[in-house]
Amino acid sequence: MNDEIQQEQERLNEVLETITKQISKIEGETSQRRQEVVSIRKHFWDDLKVNVDTFDDYLETIIGLRQQAQALSVSEGEHRYASKRLSALRRMKEAPYFGRIDIKEEGSSLTEHIYIGTSTLTDSTGENFIIYDWRAPISSVYYDYPPGPIEYSTPGGDIRGMMKNKWQYLIKGGAVESMFDTSITIGDEILQQVLGKGTDKHMHSIVSTIQREQNKIIRNDRGRLLIVQGAAGSGKTSAALQRIAYLLYKNREKLKADQVILFSPNSMFNNYVSNVLPELGEENMQQVTFQEYLDHRLADSFQVEDPYEQLEFLLTERDDPSYSTRTASINFKASLRFFEIINTYRQSLELAGMIFKGVKFRGETLVSAKQISERFYNTNTTLRFHNRIEKVEEWLSELLDETEKRELKKPWVEEEIEYLSKEDYQKVYNKLQKKHGLTEDSFDDYDKENEMLARMIVRKKLKTLRKRIKALQFINIKGIYKQLFDEKIRNELWNGGNIPAEREICSATQKMLDEGKLHYEDATPFLLLKELIQGFQTNNSIKYVLIDEAQDYSPFQFEFLKRLFPAARMTVLGDFNQAIFAHASERVDFETLTSLYGIGETESITLDQSYRSTKQIIEFTRELIPEGHRIKAIDREGEKPLLTQVPSRDELHRQIISKVKEWQSRKYNTIAIICKSAAESAAAYKALSASGEMKLVQTGTNEYEQGIIIIPAYLAKGIEFDAVIIYDASNETYGDESLRRLFYTACTRAMHNLQIYTVGEPSPFLQNAAADSLLLSTK
């Protein structure tokens with residue numbers, strides 16, 4: 001093996017020499033391209049003759065302008081390409097490749113050595129490949145096959161052959177540290193070395209350890225919807241990010257990063273995954289939370305609750321008299337049944353039920369809500385719903401035109417003119433001069449001057465009103481949504497009731513709307529109704545939508561996103577064992593999603609292998625959930641999770657401080673003290689923060705940082721830590737069966753060590769596990 005490593009090191013040295021030469025060459029090209037761009041920008045107009053005296057002169061000027069702009073665009077494009085290539089080569093110097101396959105294609109007598117890395121490298125001629133990009137068609141063989149018969153697809157057709165050997169390398173700092181000839185997808189020794197490291201403040205690329213099932217996710221090109229159900233730590237999020245990189249590479253001529261959008265659970269998670277695509281030489285896609293989208297659309301009109309406020313209520317307010325009503329409301333409003341009710345309700349508005357707002361100007365009613373309603377239901381009734389709304393908008397705009405004419409001669413306008421200061425008058429004059437090309441002589445005629453000033457003043461006063469009418473704000477969407485919960489509408493449209501706490505839900509919803517609030521479970525239904533009435537604001541530029549932590553989305557929200565991005569393919573990733581929101585409490589799979597695009601357009605992949613945690617942690621956590629036996633643990637040894645029962649909060653805090661110091665001495669980069677809720681996190685932070693540098697993670701925290709953090713379980717989803725402390729796993733805190741998934745989510749964040757404390761009697765979730773997968777301590 002030493003001889004083989006030496007041979008590979010010699011080959012690696014040659015590759016590094018090639019990379020160094022190419023870096024030197026491209027550095028010169030990049031500098032030259034940058035100077036060209038600067039020069040063209042600086043002298044853009046120098047060589048351009050601008051003449052518009054005749055049509056021919058004008059045409060010549062336009063042609064010259066386009067030629068200059070094209071030259072600039074070409075130079076900028078060449079500079080961008082050179083800069084991107086330079087960055088890729090610099091990254092390759094650390095570890096140019098991580099794998100090799102030796103294959104012989106059908107019909108060929110030669111065995112070819114295919115080296116695979118994060119980017120392509122060719123020789124000085126540009127024709128012979130030294131390293132293949134991991135996303136190239138031939139590279140799929142590395143992830144999908146053991147030695148033996150192989151087949152892969154290329155733009156030119158399917159290629160068949162035989163793989164003689166498959167090698168994996170661990171290269172650091174330009175040195176081959178280890179290499180493996182393996183008959184499995186990825187050598188466990190390399191996988192363990194990679195996964196056994198301490199965590200960083202960012203998630204990193206997994207291209208060197210992609211498994212076959214993950215590769216299916218990355219390269220999937222079939223259908224409109226890809227559903228990935230993955231166990232905690234199965235690499236589903238990482239695979240999804242590599243999928244984006246693959247799609248950008250494969251479709252680089254027609255797909256840009258800003259045509260891909262990732263819906264992630266929170267802003268801190270966005271920061272955590274922000275490094276993956278740049279590490280692979282790609283621009284980051286758009287990243288947004290669903291809440292950010294809701295706030296963008298609704299925050300001007302309502303105080304919109306976020307999902308974590310909703311969850312905090314459910315976790316901490318079980319004694320609240322409204323608790324059962326709120327839980328029933330969340331489940332009902334997340335359902336496809338409510339989605340259909342809203343669609344049916346919108347259709348019923350074509351005949352009756354639209355509510356409008358009267359239009360007032362200076363405290364005087366120009367047209368009442370009743371008059372608008374009569375106009376809508378008595379005029380142009382043969383037109384389609386949205387055309388009727390357009391006709392009403394045109395009618396109201398014409399009324400404003402008539403109002404403008406009437407108001408010109410009214411005393412208030414004269415008063416406004418009289419009170420114009422010199423500065424205001426000059427501003428008005430400048431605006432009129434700019435708009436109409438007026439000269440000072442135009443203001444010599446007092447009547448003409450007065451008329452122009454009056455028109456400008458009235459138009460300015462009416463400007464806001466015109467905008468509101470154009471934005472269809474004469475429609476009372478809030479009133480229409482509130483009306484949906486009236487008894488009469490319920491009896492007509494809610495399909496016979498049978499909804500738990502139906503009357504209470506309706507009363508509570510109407511009260512909330514009166515207070516100017518919108519609960520999280522109402523935000524998407526309200527927005528859907530608004531879109532159905534005013535016209536759907538679709539986004540056709542987005543080609544791929546990825547939704548992480550998809551178990552937290554309701555069927556209602558998926559239907560809304562499908563309408564919002566009609567031209568997009570959708571990838572959803574989640575784990576229903578981590579479904580902690582109320583609407584998902586009874587559902588355990590993604591079966592309802594197949595109806596989004598139909599069975600023929602939907603593909604599902606399940607990831608059962610967990611890579612995040614040690615074998616001992618996985619063996620413990622899988623006992624916490626139904627069907628947990630299906631989760632497979634990687635053979636990475638560690639310590640069993642430890643359960644310690646303490647008599648008091650003071651003793652709890654003393655032991656936590658001691659445990660943190662012990663783990664710090666073991667050089668753990670990230671230590672998380674995970675609490676059930678934000679309220680418990682705040683209390684823990686108050687008690688523990690004096691002992692050292694600890695950070696409290698809250699809903700608004702934007703950056704994921706290393707060190708010691710105190711965090712609610714629901715904010716820790718999707719993130720991993722070297723070591724985790726469960727703050728209090730007592731029966732009092734985690735005694736309710738509905739909290740099982742939240743507890744499982746908290747425990748599965750740990751990579752290397754898991755310490756569970758309980759003040760008093762442990763949660764029933766721990767009873768079955770205590771015998772063989774959990775060490776007990778009462779110190």
Side-chain angles (χ1 to χ4, degrees), residues 297-298 300-302 342-414 416 431-432 435-436 451-484 486 488-489 492-493 513 516 525-538 563-564:
R297 297 296 309 278
L298 298 170
D300 288 344
S301 306
F302 291 99
I342 286 184
N343 274 293
T344 304
Y345 179 45
R346 208 301 279 144
Q347 291 167 15
S348 77
L349 295 175
E350 298 192 13
L351 300 176
M354 283 287 283
I355 303 173
F356 298 95
K357 300 175 186 174
V359 178
K360 291 185 176 183
F361 180 64
R362 290 178 52 80
E364 183 181 324
T365 299
L366 300 181
V367 57
S368 68
K370 183 181 178 183
Q371 287 173 308
I372 298 174
S373 181
E374 289 171 351
R375 181 86 180 189
F376 180 80
Y377 284 113
N378 297 328
T379 309
N380 302 314
T381 53
T382 58
L383 294 176
R384 295 176 65 183
F385 183 81
H386 291 111
N387 295 127
R388 287 158 68 186
I389 289 176
E390 285 177 14
K391 289 294 182 184
V392 170
E393 186 261 317
E394 290 171 7
W395 171 61
L396 292 174
S397 296
E398 289 169 3
L399 285 179
L400 290 190
D401 291 340
E402 294 170 10
T403 301
E404 181 184 321
K405 292 175 185 176
R406 284 199 313 270
E407 296 293 315
L408 287 174
K409 301 293 184 183
K410 290 196 174 177
W412 72 268
V413 181
E414 287 290 335
E416 293 257 347
K431 284 183 182 178
L432 291 170
K435 187 173 182 180
H436 301 290
E451 182 186 334
M452 287 188 289
L453 288 171
R455 185 171 289 110
M456 177 162 273
I457 286 168
V458 173
R459 283 182 179 172
K460 185 178 179 182
K461 292 284 185 183
L462 285 168
K463 187 176 181 180
T464 302
L465 203 51
R466 285 188 186 279
K467 281 185 177 178
R468 287 177 182 167
I469 288 172
K470 194 169 184 65
L472 307 182
Q473 290 183 15
F474 56 88
I475 303 173
N476 187 351
I477 303 293
K478 177 180 170 182
I480 296 171
Y481 186 69
K482 182 180 176 184
Q483 180 180 254
L484 175 60
D486 284 348
K488 180 174 180 293
I489 297 293
E492 291 175 0
L493 301 178
L513 291 167
F526 181 91
L527 190 53
L528 174 68
L529 182 61
K530 177 182 170 75
E531 302 278 73
L532 290 172
I533 292 171
Q534 295 186 346
F536 226 92
Q537 295 188 23
T538 57
R563 284 173 173 261
L564 182 60

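Each residue takes its place number in the sequence, starting with 1.
The distance from atom CZ of Arg459 to atom CG of Leu408, rounded to the nearest 0.5 Å, is 8.5 Å. Once rounded to the nearest 0.5 Å, the distance linking CD of Glu394 with NZ of Lys391 reads 5.0 Å. Atom OH of Tyr345 is separated from atom CG of Leu493 by 8.0 Å, given to the nearest 0.5 angstrom. Considering CD1 of Ile477 and CD1 of Ile533, their distance stands at 4.0 Å, rounded to 0.5 Å. If you take OG1 on Thr464 and CD1 on Ile469, they are separated by 11.0 Å, rounding to the nearest 0.5 Å. Considering NZ of Lys530 and OG of Ser301, their distance stands at 6.0 Å, rounded to 0.5 Å.
Heavy-atom minimum distance, Lys357 versus Ile475: CE-O, 4.2 Å. The two residues Val413 and Ile457 have their closest heavy-atom pair at O-CD1, 4.5 Å. Taking each heavy atom of Val392 and Ile372 in turn, the nearest pair found is CG1-CG2, 3.8 Å.
Proximity of a side-chain donor or acceptor of Ser368 to a complementary backbone N or O of Gln371 within less than 3.5 Å is detected. Formation of a donor-acceptor pair under 3.5 Å by the Glu414 side chain with backbone atoms of Pro411 is not found in this model. Remark: side-chain polar atoms of Gln483 are paired, donor with acceptor, to backbone N or O of Gly353 under 3.5 angstrom. At least one donor-acceptor pair under 3.5 Å links the side chain of Asn476 to the backbone N or O of Gly479. A donor-acceptor pair under 3.5 Å is formed between the side chain of Ser397 and the backbone N or O of Glu393. Without hydrogens or angle criteria, Glu531 side chain to Gln537 main chain gives a donor-acceptor distance under 3.5 Å. Panel note: side chain Lys478, backbone Leu513; a donor-acceptor pair is recorded below 3.5 Å.
Between Lys360 and Glu364, no side-chain nitrogen of the basic residue sits less than 4.0 Å from a carboxylate oxygen of the acidic one, so the salt-bridge criterion is not met. Taking a cutoff of 4.0 Å between a charged side-chain nitrogen and a carboxylate oxygen, Arg466 and Asp401 qualify as a salt bridge.
By the neighbour-count criterion of 12 heavy atoms within 6.0 Å, atom NZ of Lys410 is densely surrounded, having more than that number from other residues, nucleotides or ligands. Heavy-atom neighbours of Lys461 NZ from other residues, nucleotides or ligands within 6.0 Å: at or below the threshold of 12.
By the ring pair (Phe, Tyr, Trp, His ring centres under 6.0 Å) test, Tyr377 is found to be paired with no residue, residues two or more places apart in sequence or in another chain being considered.
Residues in residues 464-484 take part in these ring pair (Phe, Tyr, Trp, His ring centres under 6.0 Å) pairs, two or more places apart or across chains: Tyr481-Phe485, Tyr481-Phe526.
By the 4.5 Å heavy-atom criterion applied to side chains, Trp395 and Thr379 are not counted as neighbours. Residues Leu564 and Thr538 are not in side-chain contact: their nearest non-hydrogen atoms beyond the backbone lie 4.5 Å or more apart. Within the 4.5 Å cutoff, side-chain heavy atoms of Met354 are placed close to those of Phe385. A heavy-atom distance below 4.5 Å is not found between the side chains of Leu349 and Leu532. Counting only heavy atoms from C-beta outward, the side chains of Leu465 and Leu462 approach each other to under 4.5 Å.
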For a side-chain contact (heavy atoms from CB on, under 4.5 Å) check, start with the C-alpha distance between Arg388 and Glu350, then their side-chain angles and the critical distance, and finish with the verdict. CA-CA 9 Å; Arg388 287 158 68 186; Glu350 298 192 13; 4.2 Å; yes
Step by step, would you call Arg468 with Leu396 a side-chain contact (heavy atoms from CB on, under 4.5 Å)? CA-CA 11 Å; Arg468 287 177 182 167; Leu396 292 174; over 6 Å; no
Run the side-chain contact (heavy atoms from CB on, under 4.5 Å) check on Asn387 and Asn380 step by step: do they pass? CA-CA 9 Å; Asn387 295 127; Asn380 302 314; over 6 Å; no
Before giving the answer on side-chain hydrogen bond (donor to acceptor under 3.5 Å, both in side chains), spell out for Thr344 and Gln347 the whole-Å C-alpha distance, their side-chain angles and the decisive distance to 0.1 Å. CA-CA 5 Å; Thr344 304; Gln347 291 167 15; 5.2 Å; no
Walk me through it: do Lys370 and Phe356 pass the test side-chain contact (heavy atoms from CB on, under 4.5 Å)? CA-CA 8 Å; Lys370 183 181 178 183; Phe356 298 95; over 6 Å; no
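Partner of Val367 under the side-chain contact (heavy atoms from CB on, under 4.5 Å) criterion, chosen from Leu399, Leu400, Thr403: Leu399. Each of Glu416, Glu407, Arg406, Lys405 was scored for a side-chain contact (heavy atoms from CB on, under 4.5 Å) with Val458, with one residue passing: Glu407.
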